[in-house]
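Residue numbers run from 1 in the order of the sequence given.
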Amino acid sequence: FSLALYAVKVRAEAMQKASEAVPSGMLSVIGRREANYKFACLEARKHCESLGIENPVCEISNYLFPDSRVIAGHLQALEFLQENARKYYFTRTKMLPVSGAFHTRLMEPAVEPLAEVLKSIEIQKPLVCVYSNVDGKKYMHSKHIQKLLVKQVVSPVLWEQTMHSVYERKQGTEFPYTYEVGPGNQLGAVLKKCNLKAWKQYNHVDALEDEEAAET
């Protein structure tokens, strides 16, 4: 457990350093069905090039649920998308309170430090099904986990696709009970958008509330 936390620390520090290298961020977007997020990102990159920015980054970094994405990249690109939201059929845009464009190629400087620390850690095959949000599929073996944990730093989070994989069932099969543990119920809200039938078996457990009840 301590080794895993050390790897998390190395990853976080490397990503923070990468964030400080370029003024960048993340933009939460909800769009109408007509929205073409990739085309919007392309035009935002062209806008950055017109400003003299070389190799600008603006791409989808999180697939949350149908009609919801997080777009990350240079701040100028994200500002362009906010200013032209109606043109791209975005109904809502909101800058996220983060310091960088996570899950994009702007995080490439963080790849090597994480890869190095993972080489020194023994990773065992999971005892239960664990899914990677890099490809929305189950981890197969230790080398597979190591490879995808590194790739995840610069790859979009396929949360919506992962939800479909986790809750894929034969017709007539009951959905499992789902528990979200911790503050807030954002993941439950996303599940409801992705799979309403699975969400009906969802429960939220607020760890802080349980601690307060135990103290009283």
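- Hydrophobic clustering keeps Val70 apart from Tyr37 (ILVMFWY residues linked when any side-chain heavy atoms are closer than 4.5 Å, directly or through intermediates).
- Side-chain contact of Gln16 with Ser99: a donor-acceptor pair under 3.5 Å is present, judged by distance alone.
- Under a 3.5 Å cut-off, the side chain of His103 and the backbone N or O of Gln152 do form a donor-acceptor pair.
- No side-chain donor from either of Gln161 and Tyr63 sits under 3.5 Å from a side-chain acceptor of the other.
- Ion pairing between Glu59 and Arg69 fails under the 4.0 Å rule for side-chain N and carboxylate O.
- Using a 4.5 Å cut-off on side-chain heavy atoms (C-beta onward), Glu79 and Met95 make no contact.
- Of the residues listed (Trp199, Tyr167, Tyr202), the one engaging Thr178 in a side chain to side chain donor-acceptor pair (under 3.5 Å) is Tyr167, and it is the only one.
- Comment: Glu43 does not engage Lys46 in a salt bridge, judged by the lack of any side-chain N to carboxylate O separation of less than 4.0 angstrom.
- Using cut-offs of 30° and 60° on the angle between ring planes, the pair Phe39 and Tyr88 is perpendicular.
- In the hydrophobic clustering of this structure, Val98 groups with Val153; members are Ile, Leu, Val, Met, Phe, Trp, Tyr whose side-chain heavy atoms approach within less than 4.5 Å, directly or through other members.
- His144 and Tyr139 have perpendicular rings, their planes meeting at more than 60° on a 0 to 90° scale where under 30° would count as parallel.
- For Met140, the CE atom is loosely surrounded, since the number of other residues' heavy atoms within 6.0 Å does not exceed 12.
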